[in-house]
A.B. asks: 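One structure follows; several queries about it will come next.
All ligand and atom numbering here is 1-based and tracks the order in the structure. Here, residue 1 is the first one in the sequence, and each next residue gets the next number.
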Amino acid sequence: MLNWKSDRKIVLGITGGIAAYKSPEIVRALVKAGCEVEVVLTEGGERFVSPMVLSTLAGRRAWRGCEFLSDDYGWRIPHISLADWADAVVVAPCTAETLANTVQGRGKELLGSILLATGAPVLLCPAMNVNMLNNAATVHNLDILRSRGYHVLDPDSGDLACGYEGKGRLPAPNVILEEMWRAICPDKSLEGKNVLVTAGPTHEYLDPVRFISNPSSGKMGLAMARAAWYRGARVTLVLGPTGISDLSGLEVVRVVSALEMRDAVMSRSAEMDYVVKAAAVGDFRPAEFSSDKIKRRGVDTMKLELVQNPDIAAALGERKRDGQVLIGFAAESSDVLANAADKIRSKRLDYIVANDIAAPGFGFGVDTNSVCLLGADGGSASFSGTKEEVAEGIWDTVLSGR
Ligand code: PMT
């Protein structure tokens with residue numbers, strides 16, 4: 001667990017929309033992520049979800065709309081003590097009424113007063129009927145709140161409880177959690193920067209059902225992408241075929257082959273400030289693709305002719321513009337540092353992450369890694385831990401220019 005993610009104190013505001021029925025799942029997700037949660041219901045929220053359910057899941061009482069004085073904190077004033085206690089306030093779901101009240105600074109209910117008093121980051125998760133969401137008043141209120149520094153999570157589109165179809169659904173708890181981490185992350189050193197990350201394997205097909213590939217899961221690349229996103233970057237993730245689905249907030253370009261990955265990367269690279277090549281790109285592809293499934297009957301042995309795929313990292317190195325930073329990864333099973341250092345030079349990278357894939361428990365597929373980051377200037381730094389921790393270490397070093 002990253003330091004800035006551990007033991008976080010979250011006030012979860014729940015307001016009176018039908019999506020409030022999902023709020024117990026949000027409490028569970030927060031608790032599972034190691035957060036302490038204080039639930040604050042508005043009167044409307046309490047009509048949709050019982051304080052009993054929420055307090056059971058949070059492991060402490062749930063606060064109700066009009067509770068302005070309590071002995072829970074030695075008769076301290078709850079709207080101030082909760083506002084000061086919180087590392088973040090998340091309002092999910094957030095109704096049009098609560099948005100309007102927040103714009104106007106109304107503190108009649110406990111949640112409104114907490115929002116007025118807190119200095120912590122606030123994440124608003126609007127959920128409502130599509131026409132209410134598109135109403136000029138709501139659009140205006142959201143613009144005002146964003147301009148005041150509130151974080152706003154865009155609702156999902158789909159079937160709405162009111163029978164309409166459109167935008168207005170409350171996103172899933174894991175999406176709310178990721179957005180909350182982004183709001184909480186203390187390091188905003190990539191604010192305004194464009195970052196492109198490649199992740200996962202490529203599939204090099206020889207017929208409609210067979211391909212050459214490798215065991216990359218995309219986890220290391222996703223960790224690099226998330227860490228950059230937490231720090232405020234706009235992140236494009238060029239992702240080979242993987243089972244990863246938790247990609248909220250990232251602009252995802254899905255590709256299958258090395259040639260598709262090359263096109264996706266090269267067409268976007270000019271506008272990128274940082275390019276991270278964590279993908280395990282297939283070095284070779286079958287020289288020919290059979291549009292029919294290759295039959296085994298009567299074939300005892302088979303020779304497969306392979307041709308080299310383009311080296312995307314090297315092409316990026318050739319057209320690197322001033323100020324752009326290229327970070328490669330090197331999956332090595334022997335002479336790890338020497339081979340990685342060789343790739344920095346041949347591909348004209350600024351950094352390379354030397355990854356010893358022969359070491360058990362690290363590298364392909366698993367959640368942990370142990371790497372050595374080499375700089376083109378000869379500097380080096382080592383990181384071990386979860387891929388999230390390793391990614392954080394890599395970005396810390398790259399961004400400090402070490
Ligand atoms: O995805 P995971 O399961 O989390 O596993 C993570 C990982 C082991 C895949 C990752 O940490 C890693 O090491 N990625 C690089 C794998 C690799 O392809 O290494 P390489 O030494 O073959 O390539 C060196 C660099 O050139 C890489 O940045 C690679 O993306 C790039 N390359 C390679 C070949 C090619 N045709 N084009 C490229 O751009």
A.B. asks: Give a yes or no answer on whether the side chain of Asn309 reaches the backbone of Gly282 with a donor-acceptor pair at less than 3.5 Å.
C.D. replies: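 At least one qualifying donor-acceptor pair exists.
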
A.B. asks: Quick test of your reading of the structure: of Thr368, Ile312, Val275, whose heavy atom lies closest to atom 38 (C) of ligand 1?
C.D. replies: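 The residue whose heavy atom sits nearest atom 38 (C) of ligand 1 is Ile312.
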
A.B. asks: Just by distance, no angles: are the side chains of Asn214 and Ser216 close enough, under 3.5 Å, to form a donor-acceptor pair?
C.D. replies: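 Side-chain D/A pair, Asn214 to Ser216: absent.
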
A.B. asks: With under 30° as parallel and over 60° as perpendicular, where do the rings of Tyr274 and Trp395 fit, or are they tilted in between?
C.D. replies: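 Tyr274 vs Trp395 ring planes: perpendicular.
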
A.B. asks: Compute the minimum heavy-atom distance from Ala330 to ligand 1 and say whether it is under 4.0 Å.
C.D. replies: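 The answer is yes, since Ala330 has a heavy atom less than 4.0 Å from ligand 1.
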
A.B. asks: So is Ala279 in contact with ligand 1, going by heavy-atom distances below 4.0 Å?
C.D. replies: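 Distance cut 4.0 Å: Ala279 passes for ligand 1.
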
A.B. asks: What protein heavy atom sits nearest atom 25 (C) of ligand 1, and how far off is it?
C.D. replies: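 Scanning the protein heavy atoms, the shortest distance from atom 25 (C) of ligand 1 goes to Phe329 O, 3.0 Å.
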
A.B. asks: Side chain of Asp350, backbone of Ile327: donor and acceptor closer than 3.5 Å?
C.D. replies: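 Absent.
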
A.B. asks: Is there a donor-acceptor contact under 3.5 Å from the side chain of Ser113 to the main chain of Gly107?
C.D. replies: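 Flag set: sc Ser113 to bb Gly107 pair under 3.5 Å.
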
A.B. asks: Return the closest protein heavy atom for atom 9 (C) of ligand 1 as residue, atom name and distance.
C.D. replies: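 For this ligand atom, the closest protein heavy atom is Phe364 CE2, 3.6 Å.
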
A.B. asks: Under 4.0 Å, heavy atoms only, figure out whether ligand 1 is touched by the backbone of Asn355, its side chain, both or neither.
C.D. replies: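 Under 4.0 Å from ligand 1, Asn355 contributes side-chain atoms alone.
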
A.B. asks: Would the distance check show the side chain of Glu332 and the main-chain N or O of Ala338 forming a donor-acceptor pair, the cut-off being under 3.5 Å?
C.D. replies: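 Answer holds: no.
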
A.B. asks: Could you check atom 34 (C) of ligand 1 against the protein and tell me its nearest heavy-atom contact, residue, atom and distance included?
C.D. replies: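 I find the closest protein heavy atom is Asp283 OD1, 3.2 Å.
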
A.B. asks: So, does Pro310 sit close enough to ligand 1 that a heavy atom of it is under 4.0 Å from the ligand?
C.D. replies: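 Flag set, Pro310 near ligand 1.
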
A.B. asks: Quick check against the 3.5 Å criterion: does Thr56 have a side-chain atom that pairs as donor or acceptor with the backbone of Met52?
C.D. replies: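 Yes, the answer is positive, given that a donor and an acceptor are paired below the 3.5 Å cut-off.
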
A.B. asks: Considering Lys347, Met261, Lys387, Lys277, which one's heavy-atom position lies nearest to atom 26 (O) of ligand 1?
C.D. replies: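 Among Lys347, Met261, Lys387, Lys277, the closest heavy atom to atom 26 (O) of ligand 1 belongs to Lys347.
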
A.B. asks: Would you say ligand 1 has an N or O under 3.5 Å from any N or O of Val366?
C.D. replies: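 Not met; the criterion fails.
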
A.B. asks: Can you find an N/O atom of Gly200 closer than 3.5 Å to an N/O atom of ligand 1?
C.D. replies: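 In fact, backbone or side chain, Gly200 has no N or O that close.
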
A.B. asks: Could you give the distance from NZ (Lys219) to OG1 (Thr368), rounded to the nearest 0.5 Å?
C.D. replies: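 Lys219 NZ to Thr368 OG1: 9.0 Å, rounded to 0.5 Å.
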
A.B. asks: Considering only heavy atoms, which of Gly317, Ser217, Ala280, Gly328 lies nearest to atom 2 (P) of ligand 1?
C.D. replies: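 Among Gly317, Ser217, Ala280, Gly328, the closest heavy atom to atom 2 (P) of ligand 1 comes from Ser217.
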
A.B. asks: Where's the contact between Ala278 and ligand 1, heavy-atom distance under 4.0 Å: side chain, backbone, both or neither?
C.D. replies: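 The backbone, only.
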
